[in-house]
Amino acid sequence: MKTIAILLAAAFLSMAASCNPIGKNDDFEGMNHQTFTESDKVFPNPERGFYFVKDFHSAADALITPSSIKTQRTLNRTIAYNGYYPKDYMNGDIGEEFLQMMKSNMQILRDNGVKCVLRIAYSDSETEKPWDPTLEVVLRHIENIKPILQEYGDVILTFQAGFVGVWGEWYYTENFVSNPKTPEEHALRKQVTDAMLAALPTDRTISLRTPMFKRMMYAQDYTDTLTVETAYNGTARARISGFNDCFGASQNDQGTFSNSESREFWKKDTRYTLMGGETCAISKYCLCENSLKDMEDYHWTYLNSGYNGKVLGRWREDGCMDEIERRLGYRLSLTDVYTDAAPAAGNDCRVVLKLQNTGFAAPMNPRAVELVFVDGKGNASVTELKDIDPRYWFANEEITIDRLVKIPADASGKCTLYLNLPDPKPTLHDNPLFSIRLANDDIWDEAAGYNKIAEFTL
């Protein structure tokens, strides 16, 4: 009980730190006040949006190219779906040449500002057998790729639970109990998922194809969902996300949902875990009105840009594609900024930021928050807000940041204050391609990856 109490206190402290100001929430008398308007522009932002697909079937396959990533970024895509098919190694360890190909691709992603949705499978055809190897081989393969997952976890958005069945979708299978219904029948699949969790850095998630899989392997029933108190605590339950590869295709999304309880399970659970996938067939359930509501209800972060073409075409024709592109994942924008009326060198300056999230979801992986002060000579000082966690910046909610920024004693001239939302990983922190851009006009510094929030002269 003591451990639970500590976790509860820590969770609520994090929430309070990200929302509560130093003084009263409306105590801004005498402060400079700026108002901001959300832009309707679509632009690239890390860890959200439409993804592009690149599969690899052998060690000889061509690597991802920097030029192709650059092209995708001009289309506002910062996520690659990378499917790997080590089918030449189904009787033993994955060959070094295949592992080196995976590693090279990961480095190219890191160097060029893209993260991946990762999946591993052995067959991409229902007529191509074997569909999967034995459990023992799968576990060996997970150990084979563990060093890559650990080294390049920074550029993995999520690791989809493949390995089993055609396309790694856990349906057609020769070795893992077809159409399992009970926790006992999911036992082999759970061994695979547990091994994936152990191989992946602890701040990254494993995504399962249906809510039933999480319920059967990690929950007592469909009411046993994550909450603000249990989210992001490093447990297996907190690290299990979902993906839906038949979004809006039928009443139950082609078997994704087994009943209404499974829908409610994902609606609540995805407030704290990643949700994404693709469409697979056109139906009355993927009309714009239905699709937008479902993306809100299930907190969608990422979606296939190339499939299903008929569904994507309908969204364009019916006029909701621009809104989907803007709102997938988070969409953060400033509404108000308050700063002390007479800041002075050597003193603390109070800064109050009010932001809104008009996206479908909160940022789902760890994200740093920094206030960057730059004086007229170009000297910069950084105030790290380590107690603020953007993963609690939920959709359709206002966020308030109220802090004191220390102005250096030797600061002078025209000064600028920025909000920086960088990736916290040391390998990515200083790369502006991995920093979050706010959805306001004329505040984004592309070279630095900063959002300008205030200017004043000392």
Side-chain angles (χ1 to χ4, degrees), residues 15 17-21 25-26 28 31-50 73 76-79 113 271 292 295-296 299-303 320-339 350-373 383 385 388-403 405 416-424 432-455:
M15 287 292 292
S18 47
C19 297
N20 291 339
N25 194 42
D26 58 353
F28 308 131
M31 299 183 73
N32 287 333
H33 179 210
Q34 301 175 74
T35 59
F36 294 80
T37 302
E38 181 183 355
S39 167
D40 62 358
K41 289 180 181 177
V42 179
F43 50 84
N45 246 338
E47 300 190 319
R48 59 151 304 278
F50 280 93
R73 286 191 61 91
N76 304 311
R77 298 168 191 162
T78 65
I79 303 172
R271 183 172 169 87
L292 289 171
M295 288 181 187
E296 288 181 342
H299 310 96
W300 274 70
T301 288
Y302 64 94
L303 192 62
C320 64
M321 178 58 90
D322 285 349
E323 180 175 352
I324 291 171
E325 285 193 287
R326 285 194 301 269
R327 297 184 64 196
L328 277 171
Y330 59 86
R331 185 173 178 86
L332 304 171
S333 62
L334 286 168
T335 60
D336 299 89
V337 172
Y338 298 85
T339 55
R350 184 184 176 196
V351 179
V352 182
L353 311 180
K354 289 186 176 291
L355 303 99
Q356 62 181 352
N357 182 359
T358 56
F360 296 132
M364 284 294 173
N365 283 327
R367 178 67 46 178
V369 182
E370 300 173 352
L371 293 173
V372 182
F373 174 84
T383 301
L385 309 184
I388 296 181
D389 189 342
R391 293 177 296 183
Y392 293 102
W393 293 358
F394 301 120
N396 299 314
E397 292 191 5
E398 182 185 80
I399 303 105
T400 299
I401 300 174
D402 191 339
R403 286 294 186 274
V405 174
T416 307
L417 190 62
Y418 298 93
L419 175 65
N420 185 27
L421 299 170
D423 196 293
L433 295 176
F434 292 102
S435 289
I436 289 179
R437 172 181 173 179
L438 300 181
N440 302 100
D441 290 331
D442 303 322
I443 69 169
W444 177 241
D445 185 328
E446 184 175 11
Y450 296 165
N451 299 278
K452 182 172 65 177
I453 57 177
E455 291 182 319

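For Arg437, there are no salt bridge (charged side-chain N to carboxylate O under 4.0 Å, His left out) partners two or more places apart in sequence or in a different chain. In this view, Gln34 satisfies the side chain to side chain donor-acceptor pair (under 3.5 Å) rule with no residue, not counting sequence neighbours. Partners of Ser333 according to the side chain to side chain donor-acceptor pair (under 3.5 Å) rule, which considers only residues two or more places apart in sequence or in another chain, are Gln356. Not counting sequence neighbours, the partners of Tyr450 by the ring pair (Phe, Tyr, Trp, His ring centres under 6.0 Å) test are Tyr418. Pro424 pairs by the side chain to side chain contact (heavy atoms under 4.5 Å, CB included) definition with Pro366, Ala368, not counting sequence neighbours. Ser39 pairs by the side chain to side chain contact (heavy atoms under 4.5 Å, CB included) definition with Lys41, Asp441, not counting sequence neighbours. In this view, Asp322 satisfies the salt bridge (charged side-chain N to carboxylate O under 4.0 Å, His left out) rule with no residue, not counting sequence neighbours. Under the side chain to side chain donor-acceptor pair (under 3.5 Å) criterion, Asp423 pairs with Lys115, sequence neighbours left out. Here Tyr302 pairs with Gln160 under the side chain to side chain donor-acceptor pair (under 3.5 Å) rule; sequence neighbours left out.
Separation of atoms CD1 (Ile388) and CD1 (Ile401) is listed at 4.5 Å; rounding is to 0.5 Å. With values rounded to the nearest 0.5 angstrom, Thr35 atom OG1 is found 9.0 Å from Tyr338 atom OH.
With respect to Arg73 and Glu446, no salt bridge is recorded, no charged nitrogen being found less than 4.0 Å from a carboxylate O.
The two residues Ala362 and Arg391 make their nearest non-hydrogen contact at CB-O, 3.5 Å.
Within the structure, every pair that satisfies the salt bridge (charged side-chain N to carboxylate O under 4.0 Å, His left out) test and touches residues 324-338, not counting sequence neighbours, is listed here: Glu38-Arg331, Glu296-Arg327, Glu323-Arg327.
Residues Glu47 and Pro363 have side chains not in contact (no heavy-atom distance under 4.5 Å, counting atoms from C-beta outward).
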